[in-house]
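Following: one structure in structure tokens, then a few remarks.
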Amino acid sequence: MIRFAFLLIFSLAAVLLSATAFGPVITFPMLAGVVGSVLAIILLIRTKLRKQANWVVIDGSNVLYWNNEKPDLDSVRIVIDELISEGLEPVIWFDANIGYLVAGRYLDPAKLSKALRFPARRIWVAPKGTPADPLLITDAQKLNARIVSNDRYRDWEQQFPNISQKDVFVRGKIKDNRVEFR
């Protein structure tokens, strides 16, 4: 939004400088300034009208087991689809071993993106030796988002006191290829 305000200021300055230097004659700097001003105003209005994203953070390593307690990326895909249909914007976190659980090798966000048919920019894999839990809790706090997981994160309550609140979590399971949130 600040970029658009600078564009507007710069464009109006170009119009004023052109009008001062050449009078009311249409010059390239004046034309560029007018076009830039109109564009900046449109972008500012569009930004103001755009609704805020309603984020939700998925504990992919937990949701992976929601269907018959076997690791399956289809479980994560089903949950993603359901959350999107409810108007939510998912971000997914996995432990580093996700690839070994589902494919027998390391999978980075790009490879998980293909398997999940979901943008890689919203998929995170914790670094080897680092649990994803504190990373996804921190991410959820930054995004003011709920966490989709059946994990209670008791090991992290002291570091993150807010996770003891019931409304932080969306719990669930998959039954007959449908998500049942609790």
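Residue numbers start at 1 and run along the sequence shown.
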Say whether [X] and [Y] are linked into one hydrophobic cluster, either directly or through other cluster members, by side-chain heavy-atom distances under 4.5 angstrom.
X      : Y      : answer
Ile84  : Leu112 : yes
Leu101 : Leu107 : yes
Val76  : Leu136 : no
Val63  : Tyr100 : yes
Ile41  : Val15  : no

Between [atom1] on residue [X] and [atom2] on residue [Y], distance to nearest 0.5 Å:
X      : Y      : atom1 : atom2 : answer
Ile78  : Leu116 : CD1   : CG    : 11.5 Å
Arg171 : Asp151 : CZ    : CG    : 8.0 Å
Ser85  : Ile80  : OG    : CD1   : 12.0 Å
Asn67  : Asp176 : CG    : CG    : 9.0 Å
Asp133 : Gln159 : CG    : CD    : 10.5 Å
Arg152 : Glu157 : CZ    : CD    : 10.0 Å

inquiry  = Taking salt bridge (Lys or Arg N to Asp or Glu O under 4.0 Å) as the cut-off, I'd like each qualifying pair that reaches into residues 59-76, sequence neighbours left out, listed once.
reply    = none
Please confirm whether the backbone N or O of [Y] pairs with a side-chain atom of [X], one donor and one acceptor, at under 3.5 Å?
X      : Y      : answer
Asn54  : Leu88  : no
Ser149 : Asn62  : no
Ser37  : Gly33  : yes
Ser113 : Pro109 : no
Asp108 : Ala110 : yes

task = Decide yes or no on side-chain contact (heavy atoms from CB on, under 4.5 Å) for Glu82 and Arg178, but give the supporting numbers first.
result = CA-CA 9 Å; Glu82 182 63 26; Arg178 295 183 51 99; over 6 Å; no
Exercise: identify the closest heavy-atom pair between [X] and [Y]:
X      : Y      : result
Pro131 : Gly129 : CD-O, 4.0 Å
Asp139 : Val57  : C-CG2, 4.4 Å
Pro90  : Arg122 : O-CD, 3.1 Å
Gly172 : Arg182 : O-NH2, 3.1 Å
Asn162 : Gln141 : OD1-NE2, 2.6 Å
Leu135 : Ala126 : CD1-CB, 3.8 Å

Selection [range] - residue pairs positive for ring pair (Phe, Tyr, Trp, His ring centres under 6.0 Å), sequence neighbours left out:
range            : result
residues 61-88   : none
residues 24-47   : none
residues 118-162 : Trp93-Trp124, Tyr153-Phe169

ask   = Can you tell me if CG on Asn144 sees more than 12 non-hydrogen neighbours from other groups inside 6.0 Å?
value = no
task = Mind checking salt bridge (Lys or Arg N to Asp or Glu O under 4.0 Å) for Asp155 and listing every partner two or more places apart, or none if nothing turns up?
result =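 Result, salt bridge (Lys or Arg N to Asp or Glu O under 4.0 Å) vs Asp155: none returned.
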request  = With sequence neighbours excluded, tell me which residues meet salt bridge (Lys or Arg N to Asp or Glu O under 4.0 Å) with Glu86.
outcome  =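 With neighbours one apart ignored, the set is empty.
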